[in-house]
Each structure stands twice: as C-alpha cells, then as structure tokens.
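Both counts, for ligands and for their atoms, begin at 1 and track the order of listing. Nothing fancy with the numbering, it's 1 onward along the sequence.
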Amino acid sequence: MSTDKATLHIEGKEPIELPIRRATLGPDVIEVAPLLKHGYFTYDPGYATTAACESKITYIDGEKGILLHRGYPIEQLAEHSDYLEVCYLLLNGELPTPQQKAEFEDIIRNHTMVNRSVETFFAGFRYDAHPMAMLCGAVGAMSSFYHDSTDIDNPEHRMITAHRLIAKMPTLAAMCYKHYVGQPYMYPNNRLKYAENFLHMMFNTPCETKEINPVVAKAMDLLFLLHADHEQNASTSTVRLAGSTGANPYACIAAGIAALWGPAHGGANQAVLEMLTEIGHEKHIDKYIKKAKDKNDPFRLMGFGHRVYKNFDPRAKIMKETCDRVLAELGKEDDPLFRIAKRLEEIALQDEYFIEKKLYPNVDFYSGIIMKAIGIPTEMFTAIFATGRTVGWIAHWNEMLSAPYRIGRPRQLYTGPAKRDYPVNR
Ligand code: CMC
C-alpha cells in the first residue's frame, strides 16, 4: 500500500486503487466511492467502520477516552467554559471574545419565547404524553412558524435558525414538563442565565417563584454542556441524512429527537434510573450482572458500553464528580440509587465479561441520578439530553450545508428472491 492509495485485490480482477484521505487525528479513511464503477458496494452494518462525512467539529478517541470539541478537551470545557460558550464554539469553530460572548448570549436571550399558538398546540397532547413525544412534535411543528428564515442555502438564515433552536429548546422542553404535570406554562425570564432560566420554567409556577440554587444551576449547565455534541452518533447522522434532502431544519432536528429517544441512545438515561430502581438494593446487583452477561436474556446493563469508547467515557467521570457535588449540596449523600450505581460500577469494572468487552460507564450512567436529585422526573431525562444536543445537531447540519454535499442514500446487499414472473394462472 502506498502512502496515499490503498490497492484492493479481488481474485481474477484488475487491482483497484482507492485514495486514502488523511485525518488530523484518528484513523485515515480509505475512499471507497471508486468501487462503484467496478460493480461493488461496501458492507458495514451499523456503519461501525464507515466515515459518512468529513467534519471539523468533534473528535473522539475511543481507546484513550478522549473527547475534543473544535480541539478543546471536554474536561477543560467543563471546568472553564459554560454551555452557551460551547454552543458558540461548536457553531463558529473558535471560542468567542468576551464581547462576542456577550452578544451571543444576548441573541439567544432574544429568542427564548415561543409563538403563543404553540400553547394551543400543546393542549392537543394527552395529559400523560411522554415528553419526548411532545418535544418531537413541537419542534417539527416549528417548521410552520418561521418561513422568514428557512432558506437553507443562505448562511445567515441557517445561523438565525441555530439561534432560535438553541434559545427555544429549553422553553419547549419545560412546556413538555408542565403539560406532563398539569401546571401552567412558565414564560422565560430573560434576566436569568440559560440553565437557570430552564430550571425557572420547570420548577416555578405563576403562584410561586423560588430562587434557583446556584450549585444546581451550575450542574444543569454542565449537563447541557456534556451533551452538546458527540460527532456522528445515530441522532446526528439522522439529522444529517434528513438535512441532505434539503428538508426544513426544524423537521431535521425533530428527526434527530426521534432517533435520540431509543434506549440504546439518549433514552438510556431514563433506562438507567429505571434499572437502578428495579435493582433496588446492593444485594441484588450480582443477579443483574448475571442477567447482563446471559446471551439468552435481553437485559443489558444500561449506561454501560459504547460504540466508540472502549475506555472510560470522559463525560461519565465528570458526571460522577458532579453527582457527588449536587448530592452533597442537597443533603442527599446517602441517596440509595447513587450507592447502588457506584457499587454496580465497581463490580462491573472487575468482572471478566465487562473487562474483555471493554464495557465502561457512559454519559448516561450518572446523569439520571443528578437529574433525579434536582427533582426532574425520569420521563424528562431524554428531553434534557435533546435540549443540550440541539447545538451539536444544528452545527453538523450547518457544516454539511456549508460545503458541497449529496443526498444521503445508502445501498444494500440484496438477498431477496431473484426476478420471477407473476403467476397469472393461480
Ligand atoms: N450490557 C451487557 N452487554 C453489553 C452491553 C451492556 N450494556 N453493551 C454491549 N454489550 C455486549 C454485547 O452483548 C456484545 O457482546 P457479544 O460480542 O458477545 O455479542 C458486545 O458487548 C458488543 O456490543 P454491541 O451491542 O455489538 O456494541 P454496539 O457498539 O453495537 O452498541 C451500545 C453500543 C451503546 C448500544 C451498547 O453498549 C448498549 O446497548 N449499551 C446500553 C445502552 C446505553 O447505555 N446506551 C447509551 C450509549 S451512550 C449515550 C448515547 O449514545 O446516547
């Protein structure tokens, strides 16, 4: 193999030369598009070894447990930055100057309200609708409100859409919660910071406004920040695929929300808490570890394992530290679910099955305990993940539309019947 070409030898055929494209970090990529003219497709179920696009936004080294946004390590962003600054970074490629940051915060603040008729729309949902069902519908419905700025070929329109989505997602997510608990919707209070405002819309009522605990607000901001982007995961790839057809951006983000909902993806945070509740006591952990290892049992240890990380998910470490801080602040150090989670992690990390398969806690393992301690019901967990991830989805959508792109259209290995004639005389 030369340095910039790979050669594929297929018995009885001429060698096929495939260009190698260089990465800044991580594996280089063999371009397989030339295979088509030789009559071959590649086959990669689950796209485990397929780079579907070129991107400059986020890099993950799964073996080493590294996550970088625009080159900056997640640990440094978690310590020194905040969610809106990370939004700016993901969207624009560089950290803002103090003035750019203040302007960006101002823009986001200006877009926090949703059209009054969204409330009427919410009224149509059943009283106990799952927040993700409502969020998916409500974000899709936003396509019907913003005809002024959905020219996807106009970079300015794309940026306005990004700002609108980042600003309105907490408002919509909080509306899902208020509908779910049957309380009046709270309007955003633009004197508050982003995460604080979300907690205000969630937990305050028109009758009673309580101060938001700064430790809790910081933890909420961190939850959004740690979920902000994660390169080409299932929901981001869904947004890119939907976007590649030229669809309305709100419809694309609604598609991402739908993909996120599954328990193998963002729905895992809800599933972790349900699992910990079902385990109920440290003495039952061994039974569940056995179930997770049993090939004939569909049970999986939720919040464990990752397609890319074969080491600690760096976000999980930060989540665990945050969990410690929040529980201490709220006087819930002895939270039984946190105890079960910590013990479960200890046991799994020493178990041959998890060691051999390189299964480590992922971002969802501790996030639910933080959210539960704050008072957020389990059903809302994935909607909060979606709120934080919206900037990642929109940054990828924008990146795709900023350069030449083609409609996403995978091929298949067809194994159905060969051509046959319809039996006319049946
Ligand atoms: N518990 C028990 N066994 C597991 C687990 C688990 N959580 N995860 C993977 N395995 C086993 C799996 O059975 C398979 O075994 P074998 O090789 O013997 O068939 C092996 O490990 C490889 O798993 P896989 O399913 O082929 O891996 P994948 O890359 O297709 O799936 C995953 C990754 C995240 C879907 C999977 O690890 C999983 O289902 N985890 C639990 C759900 C979860 O926590 N999801 C959140 C992911 S992080 C946040 C996000 O992406 O939204």
Atom 21 (O) of ligand 1 protein-contacted, heavy-atom criterion under 4.0 angstrom: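 Given the 4.0 Å limit, the answer for atom 21 (O) of ligand 1 is yes, a protein heavy atom qualifies.
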In the protein, what heavy atom is nearest to [atom], and what distance, to one decimal place, separates them?
atom                    : result
atom 43 (C) of ligand 1 : A268 CB, 3.6 Å
atom 39 (O) of ligand 1 : R300 NH1, 2.8 Å
atom 4 (C) of ligand 1  : L359 CD1, 3.5 Å

Ion pair [X]/[Y], N-O distance below 4.0 Å:
X    : Y    : result
K310 : D61  : no
E54  : K56  : yes
E346 : R343 : yes
K317 : E75  : no
D221 : K218 : no
E94  : R70  : no

Best match, R307, H265, K357, H306: closest heavy atom to atom 30 (O) of ligand 1: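 That would be R307.
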Contact check, K295 vs ligand 1, heavy-atom distance below 4.0 Å: yes
Close approach, Y353 and ligand 1, non-hydrogen under 4.0 angstrom: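 Contact present.
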